[in-house]
Amino acid sequence: MSELKPYHFFLPIAFLVLLILPFLNDGLHFSENERNKENRNFTDSITVNVNNLDVLPENIDNYVNDNFSFRRPLLDLFHYTKFAGFKVSPHPDKVIIGKNNWFFNAGKEVAIYSGTNQFSNTELNLFSKEWEGRMHYFDSLNIQPYWIVAPFKHHVYSNQLPFYITQVKISSTQQVIQEISSKYPKLIIDPTERLILERDKKKLFFQLDNHWTYQAGEIVSEMFLEKVKKDFPNASFGEFSTPIWKDTLTRSGNHYDDLGIADVSETVQLLVNKNFKAKEIHKYTFKGIENFAYGYDYVHTFENTAIDSNGLRILIIRDSYANALMPFINDAFKESVWIFDAWQYQLNAEIIEKIKPDIVLFISLETHIDAIIKKYAETN
């Protein structure tokens, strides 16, 4: 029998340490259980209800999964192995890994892009019914409405998608655009083609987030102003300030959070102008949306005093994509009021009748345009 050497004990000792270490950590807490990267509710206690013991095993399982020692570093290692070793998304239900470090939302965006959730004829008729009512309302008040349908990243950067995600010829969004534009040709502004033409010259979406950059916002704002100036030839408009950009390395965004990979980064062009003409004022107070997570962002009002009395007042019913347009739109109009109505894109007649705008602009991400007809679905 050969003599045992010290290295023969390495694996058994290492195995015992791995077994004992979690128990030591439970008592001594030398490694805290971090949860800052996970946006969900955790099971922090085990509840025992003698009248409903069937759920106890699941409750215990959830508690153990959410609270075992070294949970965060082990999850990080698991995510990094999938991402770096196998080029697989750690959360394929949330984020898709594209080419050249581009990332995309999974779920509803893919369903729209690939055509698996087309609108029915009944739903298209509901869109027509809704916009018919809105157009009559705006005509009665002599207000010019516009609707920017914001394309998501898949449509603009389709060249960076993985090969297995294919595009349908006419998406559910295009169904709505065709339906409404045939009746109201001046209403809809679809910037998709313009953004595709510019995508190789400027970074129009964040790689680690699903939103437009300010460079996209500048392009879409220019498209919008071109249309408005034709419809209001006698109005006065402010000129866009020349953008000043600063390249900045960042590690942030919803894709970044979903990936859970700490060292993923991108370079973005931040807008650092300090010479915009419009200034925020606190002129209006409106009751916000109940339980809206971004209630602080519900209303913003800007005024450009450099524009004469022929300047226009605009109301924008928006979502977070409109943030990229704000600096440019604000400088162009005498007064700009921005309302974030929790992705509902409703008419907001009470606000319109108080502000009395010349223009109402709806900006809605195509992922959420079905919210416009939600009230019909709820009443049927």
Side-chain angles (χ1 to χ4, degrees), residues 112 119-151 171-192 220-221 223-232 235 284 286-289 292 298-301 312-322 325 329 332-333 335-380:
I112 293 171
F119 286 121
S120 66
N121 288 333
T122 300
E123 289 170 318
L124 292 174
N125 288 333
L126 292 177
F127 276 104
S128 292
K129 177 182 176 182
E130 174 64 20
W131 279 106
E132 181 180 4
R134 293 190 185 194
M135 296 304 284
H136 283 310
Y137 175 78
F138 290 128
D139 285 344
S140 71
L141 297 174
N142 196 29
I143 293 173
Q144 177 63 54
Y146 299 96
W147 184 20
I148 294 177
V149 182
S171 69
S172 57
T173 308
Q174 288 301 317
Q175 286 181 293
V176 174
I177 290 174
Q178 291 177 9
E179 176 77 14
I180 304 303
S181 294
S182 64
K183 299 174 181 177
Y184 310 107
K186 292 175 63 175
L187 176 65
I188 295 182
I189 300 170
D190 178 7
T192 306
V220 178
S221 297
M223 285 186 66
F224 173 61
L225 263 296
E226 288 168 7
K227 192 174 183 71
V228 172
K229 287 178 180 179
K230 290 179 182 178
D231 294 337
F232 293 85
Y284 303 105
F286 301 109
K287 184 179 179 182
I289 306 297
F292 179 36
Y298 178 68
V299 58
H300 292 284
T301 305
L312 301 177
R313 181 181 291 113
I314 183 172
L315 168 66
I316 305 101
I317 309 299
R318 69 171 185 110
D319 57 26
S320 55
Y321 264 56
L325 284 71
I329 298 295
F333 290 91
E335 182 177 281
S336 308
V337 182
W338 302 77
I339 298 293
F340 192 171
D341 69 345
W343 302 278
Q344 297 179 67
Y345 317 116
Q346 295 304 300
L347 183 61
N348 292 280
E350 300 87 351
I351 295 175
I352 290 172
E353 287 160 22
K354 183 170 183 179
I355 293 174
K356 296 179 173 58
D358 302 291
I359 294 170
V360 173
L361 169 63
F362 297 88
I363 303 178
S364 46
L365 176 61
E366 60 174 311
T367 316
H368 304 305
I369 60 173
D370 52 354
I372 292 173
I373 59 171
K374 184 179 179 182
K375 65 180 180 182
Y376 299 105
E378 291 175 344
T379 56
N380 290 298

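Computation of the quantities below employed the complete heavy-atom set of this structure, encompassing side-chain atoms and omitting hydrogens, waters and symmetry-equivalent molecules. Computed from a predicted model, the values in this text were never measured in an experiment.
Counting all heavy atoms, side chain and backbone alike, Asp370 lies closest to Phe127 at CA-CZ, 4.1 Å. Taking every heavy atom of both residues into account, Pro191 and Val149 meet most closely at CD-O, 3.4 Å. Of all heavy-atom pairs spanning Ile352 and Leu347, the tightest one is CD1-O, 3.2 Å. Considering every non-hydrogen atom in both Asp341 and Asn348, the closest pair reads OD2-ND2, 3.3 Å. Between Ile363 and Tyr345, the closest heavy-atom pair is O-CE2, 3.5 Å. The minimum heavy-atom distance between Pro357 and Val360, with the atom names listed, is CG-CG2, 3.8 Å.
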TODO: Start with the C-alpha gap between Gln174 and Asp190, add the side-chain angles, then the distance that decides, and say whether side chain to side chain contact (heavy atoms under 4.5 Å, CB included) holds.
DONE: CA-CA 10 Å; Gln174 288 301 317; Asp190 178 7; 3.3 Å; yes
TODO: Any chance you could lay out the side chain to side chain contact (heavy atoms under 4.5 Å, CB included) test for Trp147 and Ile317, step after step, and finish with the verdict?
DONE: CA-CA 9 Å; Trp147 184 20; Ile317 309 299; over 6 Å; no
TODO: Verify side chain to side chain contact (heavy atoms under 4.5 Å, CB included) between Ser128 and Ile180, making sure each step is shown before the conclusion.
DONE: CA-CA 6 Å; Ser128 292; Ile180 304 303; 4.2 Å; yes
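A distance of 6.0 Å or more separates the ring centres of Phe292 and Tyr298.
A heavy-atom distance below 4.5 Å is not found between the side chains of Asp358 and Phe333. Side-chain atoms of Val176 and Leu124, non-hydrogen and from C-beta on, do get closer than 4.5 Å to each other. Within the 4.5 Å cutoff, the side chain of Ile351 has no heavy atoms near those of the Tyr284 side chain. The closest side-chain heavy-atom distance from Tyr321 to Val220 is not below 4.5 Å. Residues Trp338 and Ile329 have side chains in contact (heavy-atom distance under 4.5 Å, counting atoms from C-beta outward). In this structure the side chain of Val228 reaches within 4.5 angstrom of the side chain of Tyr146, judged on heavy atoms. Side-chain atoms of Leu325 and Ile148, non-hydrogen and from C-beta on, do get closer than 4.5 Å to each other. For the pair Lys183 and Trp131, the minimum side-chain heavy-atom distance is 4.5 Å or more.
Rounded to the nearest 0.5 Å, atoms CD (Gln346) and CD (Glu130) are 6.5 Å apart. One finds the OG atom of Ser171 at 7.0 Å from the CD1 atom of Ile177 (value rounded to the nearest 0.5 Å). We find the CD1-OG distance between Ile188 and Ser181 to be 4.0 Å, quoted to the nearest 0.5 Å. If you take CD1 on Ile339 and CD on Gln344, they are separated by 12.5 Å, rounding to the nearest 0.5 Å. Remark: Leu315 CG to Ile143 CD1 distance equals 8.5 Å, nearest 0.5 Å. To the nearest 0.5 Å, atoms NZ (Lys356) and CZ (Arg313) are separated by 9.0 Å.
In this structure a side-chain-to-backbone donor-acceptor pair under 3.5 Å is present from Glu123 to Ser120. The main-chain N or O of Phe119 is found under 3.5 Å from a side-chain atom of Gln175 such that the two form a donor-acceptor pair.
Both tests hold for Arg134 against Phe362: distance to the six-membered ring centre under 6.0 Å, angle to the ring axis within 45°.
Classified by interplanar angle (parallel below 30°, tilted 30° to 60°, perpendicular above 60°), the ring pair Trp343/Phe340 is perpendicular.
Applying the side-chain contact (heavy atoms from CB on, under 4.5 Å) test to Lys186 and every residue at least two apart in sequence or in another chain returns Gln144, Asp231.
Within a 6.0 Å radius of NZ in Lys354, more than 12 heavy atoms belonging to other residues, nucleotides or ligands are found.
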